[in-house]
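Chain letters run A, B, ... following the sequence lines, proteins first and then strands; every chain starts at 1. Quick caveat: nothing in here was measured; it's all calculated off a predicted structure.
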There are 2 protein chains.
Amino acid sequence: MSGVQSVERAFAVLRCLSGGAAGVTDVADRVSLPKSTVSRLLSTLEDLGMVEQIEPGGNYRVGSGMTEIAAAVLPGRSLIEAVRPHLHDLAKATGEAAGLSIADGFDVLYLDQVDSDNQVQTRDWTGERVPAHTVSSGQVLLAFDAIDSEEYLAQPLERLASHTLTDATAIRTRFAEIVAKGYAWAFEEFLDGLSSVAAPIRDSSNRVVGAIHAHGPAYRFPGDLDADEVGRMVAATAGRVRI
Amino acid sequence: MSGVQSVERAFAVLRCLSGGAAGVTDVADRVSLPKSTVSRLLSTLEDLGMVEQIEPGGNYRVGSGMTEIAAAVLPGRSLIEAVRPHLHDLAKATGEAAGLSIADGFDVLYLDQVDSDNQVQTRDWTGERVPAHTVSSGQVLLAFDAIDSEEYLAQPLERLASHTLTDATAIRTRFAEIVAKGYAWAFEEFLDGLSSVAAPIRDSSNRVVGAIHAHGPAYRFPGDLDADEVGRMVAATAGRVRI
DNA sequence: GTACTCGATTCCGTACTGCGGAACGAGTCC
DNA sequence: GGACTCGTTCCGCAGTACGGAATCGAGTAC
């Protein structure tokens, strides 16, 4: 590597701890460094608040200093705050649950969900990660480059439901359509019996930072509604989001 | 400093960027280091995904690598995930909105909210911070030591609504009662016309990590319901949470 | 169109920072 | 009581990180 070795090592240690608390010897084994090196790095990270020792002479874990810095980019809190009223609007307009998600590697991570007034509900996916190609939000994030689509399509794609698209060429064609229309529909591609429609959310630099979607049981969503009209509604709601 | 200089400098740069995107010269000025040093550190941080350059040759900002590591300690996601079904139960049982919050310094931070089926709704406080003494969740967090109550009561207390308690002695008496009963009611103490009841959520070490509450307009909540019975219901729901 | 300014990047000689093996202390186990 | 493990500390040394200087590119002013 051509970077600053100590900084690279410090982050190797931090990444190790992000998987769970561990001791010096344990971390040293996992990052293939001598214990004294790891101990010195941990001591520095502890002084900076980036790690904390759970008890003297024992295990270390990631500290609040990391969250303080990460808060600058955390899409979670402020994004959820900004978007939630729009999810309420969307749930009311469609009569189905509405949700917010962001890219998380090659997955879509569900950050928030507002339920509809409907008595028959789908489950709440907040906190879940799903492969991007299987849901409308993921397709939106791929089509609008919030997830690198070529890199994504280079891997084998998993079929999760009866209508999951797994052919890269067909998916690319679909992406062009999604970009043109400004929204994506997924009909029983993630789960049999579930449909969803999503549109991208942009920040003040016009960068796509997430997607909102509405989802419901396939038998009633979109049901009698015109799919394109619903899609435009979701895109319009997404367009009203200000971050 | 006795730590690893390069690591200390790298985090000085990161802290600088957590206040907003900046260029090499700007960061160098703020952290009092030569531009070549800052440039090299930024290059390493960029390789690690901890910062990203907004455009080539331009400003840097904190990258998603930080959030990946910080996710290990964020109380938000997994807690929200674990608690949300219980909020649904609580909203259904009380007919009012239910929410989840944690301590954030001397404030209560609302992490999640599930609305009721009621046509007349209160607003959604997700993402908001409020002074602990003014809401039932905060009183619970103070009474059960998730917030240091003596430290808290040493400061002047703000009156936000007509019934906000601001006398430290009266508040201490109330804490004893909250501990004994296992829940707290707040009647128009945060906002006139709003009542809420909260109970503590504990982790597997029996430590209080947050609170759940139900809240509604004072004219109908608790309304005809017995306040103590509702309180016990909230405490029971909180007791069913497993983290 | 040219000159100037400014910011980011690259280069390179050097010194001092970070390294890692060894030793030590504390705790645990048999 | 001895063996083992883990975290911490020490210290001689080598090579990594440093920072000043130079370079390059973009933007602006005249």
Side-chain angles (χ1 to χ4, degrees), chain A residues 1-63 65-66 69 72-73 205-207, chain B residues 1-63 65-66 69 72-73 205:
Chain A
M1 279 194 187
S2 55
V4 178
Q5 180 181 247
S6 314
V7 175
E8 288 167 348
R9 289 175 162 187
F11 278 101
V13 167
L14 281 167
R15 284 199 198 279
C16 183
L17 291 177
S18 73
V24 173
T25 304
D26 196 0
V27 174
D29 285 341
R30 294 194 208 162
V31 298
S32 304
L33 286 171
K35 290 190 300 177
S36 50
T37 304
V38 171
S39 182
R40 184 176 45 251
L41 290 168
L42 281 169
S43 178
T44 300
L45 290 169
E46 187 178 21
D47 289 345
L48 296 166
M50 303 304 155
V51 302
E52 59 191 27
Q53 205 167 22
I54 297 169
E55 65 194 2
N59 280 2
Y60 286 84
R61 67 186 170 200
V62 178
M66 292 298 291
I69 295 176
V73 292
S205 319
N206 217 38
R207 213 167 40 103
Chain B
M1 277 193 188
S2 55
V4 178
Q5 179 181 252
S6 314
V7 175
E8 288 166 346
R9 287 176 163 189
F11 278 102
V13 167
L14 281 166
R15 283 197 198 280
C16 183
L17 290 177
S18 73
V24 173
T25 304
D26 196 359
V27 173
D29 285 342
R30 294 195 209 163
V31 298
S32 304
L33 287 171
K35 290 190 298 178
S36 50
T37 303
V38 170
S39 182
R40 184 177 44 253
L41 289 168
L42 282 170
S43 177
T44 301
L45 291 169
E46 186 177 22
D47 289 344
L48 295 167
M50 303 303 153
V51 303
E52 60 192 27
Q53 206 167 22
I54 297 170
E55 67 196 358
N59 280 2
Y60 286 85
R61 67 186 169 201
V62 179
M66 292 298 290
I69 296 175
V73 293
S205 319

Starting the side chain at C-beta, find the nucleotide from dA8(C), dT8(D), dT16(D) nearest to Val24(B).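 So the side chain of Val24(B) is nearest to dA8(C).
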Among dC6(D), dT8(D), dT10(C), which nucleotide sits nearest the side chain of Thr25(A)? dC6(D)
Taking [atom1] from [X] and [atom2] from [N], how many angstroms apart are they, rounded to a whole number?
X	N	atom1	atom2	answer
Asn59(B)	dA8(C)	CG	P	7 Å
Leu41(B)	dT9(C)	CG	C1'	14 Å
Asp26(B)	dT9(C)	CG	C1'	17 Å
Gln53(A)	dA26(C)	CD	C1'	14 Å
Leu33(A)	dC19(C)	CG	C1'	10 Å
Glu8(B)	dC18(D)	CD	P	11 Å

Does [X] put a side-chain nitrogen or oxygen below 4.0 Å from OP1 or OP2 of [N]?
X	N	result
Arg40(A)	dC19(C)	yes
Gln5(A)	dA14(D)	no
Tyr60(A)	dT8(D)	yes

Could you tell me the separation between the NZ atom of Lys35(A) and the CG atom of Asp29(A), rounded to the nearest 0.5 Å?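 Lys35(A) atom NZ to Asp29(A) atom CG measures 9.5 Å (nearest 0.5 Å).
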Name the nucleic acid region contacted by Thr37(B), choosing base, sugar-phosphate or nothing; use a 4.0 angstrom heavy-atom cut-off, strictly under. base
At under 4.0 Å between heavy atoms, what does Ser36(A) touch on the DNA or RNA strands: base, sugar-phosphate, or nothing? base
Quick check: on DNA chain D, is the nucleotide nearest Glu46(A) upstream (toward 5') of the one nearest Val7(A), or the reverse? Name the residue that is more 5'.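 Checking each residue's closest nucleotide, the 5'-ward one belongs to Glu46(A).
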Could you say whether Leu42(A) or Ser6(A) is positioned toward the 5' end of DNA chain D, judged by the nucleotide with the nearest heavy atom to each? Leu42(A)
Upstream residue (5' side of DNA chain C) when Lys35(A) and Arg9(A) are each assigned their closest nucleotide: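 Final value for this comparison: Arg9(A).
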Give a yes or no answer on whether the side chain of [X] reaches the backbone of [Y] with a donor-acceptor pair at less than 3.5 Å.
X	Y	result
Ser39(A)	Ser36(A)	no
Ser6(B)	Ser6(A)	no
Glu46(B)	Val51(B)	no

Considering all heavy atoms, the nearest Leu14(B)-Met66(B) contact: CD1-SD, 4.0 Å
